[in-house]
Amino acid sequence: MTKSHWVGDVLSGSHDGSEVELKGWVHRSRGSNKIRFVVMRDSTGTVQCVIKRESVGDQVFDELAGALIESSVVLRGTVTPTDREHGHEVQVSSGEVIGPVSAERPFPITESAMAEADGGETEFLLDNRHLYLRTGRMTTMLKIRSSVFGAVHSYFRDRDFIEYQAPNFVAGAVEGGSTLFEVPYFGRKAYLTQSWQLYAEAAMPSLERLYTMAPSFRAEKSRTRRHLTEFWHAEMEIAWGGNADVMNHGEALVRSIAANLLDEREAELSELGRDLDLVSRYADTTYPRMRYDEAIETLQGMGVEVEWGQDLDYSKEKVLTQDFDVPHFLTHYPRIAKPFYHRPDPDDPKYVLCHDLLAPEGYGEIIGGGERTWSEKEILDRIDEEGTPREPYEFYIDIRRYGGVPHGGFGMGVDRVCAWLSGADHIRETIPFPRDSRRVTP
RNA sequence: GCCGACAUAGCUUAGUUGGUGGAGCGGUGGACUGUUAAUCCACAGGUCGCAGGUUCAAGUCCUGCUGUCGGCGCCA
């Protein structure tokens with residue numbers, strides 16, 4: 001039952017002049033009662049198949065002519081090169097419908113639904129996400145997504161990082177408590193994890209270089225093109241490394257993802273209308289680093305009202321990044337703006353050793369990371385200074401009690417990187433079944 | 001949590017100062033031997049989101065509700 005031939009190979013000319021058996025779905029169908037053109041789709045592309053009544057006989061012709069859009073079919077025939085639009089066609093000699101589509105319930109996603117969406121997403125398409133997945137745009141995006149995921153794994157594995165898994169049910173928060181999803185847990189309360197980080201630090205003394213790519217959950221009621229409540233988080237942690245080491249990995253990772261996309265998915269990027277020169281620039285250029293103070297001065301110089309000590313919200317980020325043509329690192333935030341696990345800068349403890357990587361074109365923050373507070377005294381001071389209770393973090397503090405070492409790591413929003421590199425209008429376009437504050441179905 | 005917009009056929013939509021809701025796509029039937037979102041003819045398909053109100057009369061005006069979309073705060 002496996003497939004012997006693929007549409008992509010027909011299109012590339014590998015099967016010119018030979019017999020093929022194509023298995024796929026009817027993308028479009030048109031014709032007369034003597035000749036029928038079925039544009040067949042499989043995961044590798046679409047090809048026009050020509051069915052003539054005189055060649056296949058009445059029974060086969062009528063069966064295939066009656067196959068509505070998205071019916072699954074098998075078509076056998078000879079591949080012929082052609083000057084017409086597709087370059088290659090299949091002259092069908094036989095075939096059959098495998099999974100019909102009934103006229104009472106035709107495939108609901110029509111040209112009009114697609115045309116209006118234009119890469120964006122209507123309520124209708126979100127409601128019919130399970131069917132929208134098989135359209136050209138989503139298929140292309142999912143291939144790009146797969147390459148991004150593959151590039152992340154390759155980057156870390158090529159550098160001897162160990163992939164390491166943390167639990168998804170957790171007892172405490174990494175970020176602010178208000179963004180936690182609470183779930184019933186046998187009469188107690190548990191939460192869905194927001195980050196792998198705290199549990200990764202526990203394995204840092206064991207593995208020294210570790211990474212993961214896993215979902216994180218944040219109950220933010222954010223309704224923006226950059227937010228999901230369930231998003232894919234690529235995180236890493238290294239022992240014996242400081243802020244700059246971590247940042248170097250962040251930059252190298254993002255650049256290798258861009259380079260890999262150009263290598264593997266140039267055609268798909270072009271299909272989405274992405275400017276390949278931009279992606280090349282993201283792969284080839286060094287990402288500048290700017291201290292928080294410098295960013296504040298720049299913003300103030302632009303007339304933006306911002307005070308030292310404030311975290312930079314998206315409106316500020318947007319102004320700051322509008323002139324950037326590559327991602328920029330922002331480093332050394334004031335310690336009052338960041339949580340306790342960020343290590344204060346020994347040169348000036350007003351600041352912490354951290355960094356955010358801001359993507360250009362308004363795609364926002366794609367990486368957040370830094371050096372961890374690693375001595376027992378320092379971590380206890382910072383927890384108390386924040387007014388955070390110690391109890392839930394005892395296991396985390398223990399890591400410092402038994403041979404603490406300098407270490408650090410970052411988290412990268414994989415879906416955001418997909419959105420940015422593909423030029424998507426909305427992060428939702430990059431994930432099969434997006435989850436946000438108002439939608440958990442389908 | 002806050003601000004804004006929208007809701008008409010399966011889809012995309014038109015609908016004027018309030019006066020018997022139209023079209024394109026998709027579907028059905030028919031015509032057509034090379035179509036490219038095929039074309040042409042015909043047909044079917046509507047609780048105008050829900051509930052009230054104003055009016056002789058509401059898709060249209062008012063109020064409430066629901067849902068969705070966009071944005072902010074927060075973040076990756």
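Heavy atoms only: backbone and side chains are in, while hydrogens, waters and symmetry mates are out. Proteins come first, then strands; the chains are lettered A, B, ... in the order of their sequence lines, and each starts at number 1.
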Inset, instruction - Considering only atom P, compute the distance from B:rG22 to B:rG67 and round it to an integer number of Å. - result: 33 Å
Legend entry - Selection from B:rC72, B:rG70, B:rG1 that lies nearest to any side-chain heavy atom of A:Lys221: B:rG1
Legend entry - Any-strand Watson-Crick or G-U partner of B:rC75, both distances under 3.5 Å: none
Inset, instruction - Find the partner of B:rU16: check Watson-Crick (N1-N3 plus N6-O4 or O6-N4) and G-U wobble (N1-O2, O6-N3) distances, both under 3.5 Å, and reply none if neither fits. - result: none
Legend entry - Ion pair check, A:Asp127 and A:Arg439, cut-off under 4.0 Å: yes
Inset, instruction - Please measure how far the P atom in B:rC11 lies from the corresponding atom in B:rG18, and state the result in whole Å. - result: 29 Å
Legend entry - Whole angstrom value for the distance that separates P of B:rC75 from CG of A:Leu358: 13 Å
Legend entry - Whole angstrom value for the distance that separates C1' of B:rG49 from CD of A:Glu123: 10 Å
Legend entry - P atoms of B:rA44 and B:rA57, separation to the nearest Å: 32 Å
Inset, instruction - Verify whether one side chain among A:Glu89 and A:Thr82 offers a donor that lies under 3.5 Å from an acceptor in the other. - result: no
Legend entry - Nucleotide B:rA44, atom P - distance to CZ of A:Arg105 in whole Å: 23 Å
Inset, instruction - For A:His426, answer base if it contacts any base atom (sugar-phosphate contacts may also be present), sugar-phosphate if it contacts only those atoms, and nothing otherwise; contact means non-hydrogen atoms under 4.0 Å. - result: sugar-phosphate
Inset, instruction - Scan nucleotides 24-35 of chain B nucleotide by nucleotide, 5' to 3', and note B when protein non-hydrogen atoms come under 4.0 Å of the base, S if they reach only the sugar-phosphate, - if neither. - result: BBSSS---BBBB
Inset, instruction - Could you check whether the rings of A:Trp420 and A:Tyr282 sit parallel, tilted or perpendicular, using 30° and 60° as the cut-offs? - result: tilted
Inset, instruction - Pick the C1' atom in B:rA14 and in B:rG71, then give their distance to the nearest Å. - result: 29 Å
Inset, instruction - Scan every strand shown for a Watson-Crick or G-U wobble partner of B:rA5, both distances under 3.5 Å, and answer none if you come up empty. - result: B:rU68
Inset, instruction - Would you mind classifying the nucleic acid contact of A:Phe124 as base, sugar-phosphate or nothing, using non-hydrogen atoms under 4.0 angstrom? - result: sugar-phosphate
Inset, instruction - Rounded to whole angstrom, note down the C1' distance from B:rG24 over to B:rG15. - result: 15 Å
Legend entry - Side-chain donor/acceptor of A:Arg416 to base of B:rC75, under 3.5 Å: yes
Inset, instruction - Have a look at A:Leu126 and say if it touches a base, only the backbone sugar-phosphate, or nothing, with a 4.0 Å heavy-atom cut-off. - result: sugar-phosphate
Inset, instruction - Please measure how far the C1' atom in B:rA5 lies from the corresponding atom in B:rA9, and state the result in whole Å. - result: 24 Å
Inset, instruction - Hey, can you tell me if A:Phe161 and A:Tyr211 have their rings parallel, tilted or perpendicular (30° and 60° cut-offs)? - result: perpendicular
Legend entry - Nearest-angstrom distance from the residue atom CD of A:Gln310 to P of B:rC75: 12 Å
Legend entry - From B:rA76, B:rG10, B:rC69, nucleotide with atom closest to A:Arg223 side chain: B:rC69
Legend entry - NZ or CZ of A:Arg159 within 45° of A:Tyr155 ring axis and under 6.0 Å: yes
Inset, instruction - To the nearest Å, give me how far apart CZ (A:Arg438) and C1' (B:rA5) are. - result: 11 Å
Legend entry - Residue pair A:Val414 / A:Met213: nearest heavy atoms and the distance that separates them: CG2-SD, 3.8 Å
Legend entry - Full working for salt bridge (charged side-chain N to carboxylate O under 4.0 Å, His left out) between A:Arg281 and A:Asp275: CA-CA 10 Å; A:Arg281 193 193 295 159; A:Asp275 181 348; over 6 Å; no
Inset, instruction - Give one of base, sugar-phosphate or nothing for A:Ile367, where a contact means two heavy atoms less than 4.0 Å apart. - result: sugar-phosphate
Legend entry - Worked check of salt bridge (charged side-chain N to carboxylate O under 4.0 Å, His left out) between A:Arg41 and A:Glu70: CA-CA 9 Å; A:Arg41 168 181 61 76; A:Glu70 289 305 316; 2.5 Å; yes
Legend entry - Interatomic distance, A:Tyr314 OH vs B:rC72 P [rounded to whole Å]: 7 Å
Legend entry - N-O pairing of A:Glu96 and A:Arg76 below 4.0 Å: yes
Inset, instruction - Remember a base hit wins even if backbone is also touched, and classify A:Ser216 as base, sugar-phosphate or nothing at under 4.0 Å, heavy atoms. - result: nothing
Legend entry - Residue whose closest nucleotide on RNA chain B lies nearer the 5' end, A:Ser222 versus A:Glu230: A:Ser222
Inset, instruction - If B:rC43 has a Watson-Crick or G-U wobble mate with both distances under 3.5 Å, name it; if not, just say none. - result: B:rG27
Inset, instruction - Determine the Euclidean distance between corresponding P atoms of B:rC43 and B:rC6; express it in Å to zero decimal places. - result: 36 Å
Legend entry - Pair assignment for B:rA51, Watson-Crick or G-U wobble, requiring both distances under 3.5 Å: B:rU63
Inset, instruction - Would you kindly give the CG-to-P distance between A:Asp311 and B:rC74, to the nearest whole Å? - result: 7 Å
Inset, instruction - Determine the interatomic distance between C1' on B:rU68 and the same-named atom on B:rG19; round to the nearest Å. - result: 32 Å
Inset, instruction - Could you tell me whether A:Arg145 and A:Asp415 have a side-chain N and a carboxylate O separated by less than 4.0 Å? - result: yes
Legend entry - Base B:rG70 to side chain A:Thr224, donor-acceptor N/O within 3.5 Å cut-off: no
Inset, instruction - Give one of base, sugar-phosphate or nothing for A:Arg53, where a contact means two heavy atoms less than 4.0 Å apart. - result: nothing
Inset, instruction - Would you mind reading off the distance between A:Leu125 atom CG and B:rC11 atom P, rounded to a whole angstrom? - result: 11 Å
Inset, instruction - Look at the side chain of A:Thr179 against the base of B:rC74 and say whether a donor-acceptor pair falls under 3.5 Å; ignore hydrogens and angles. - result: no
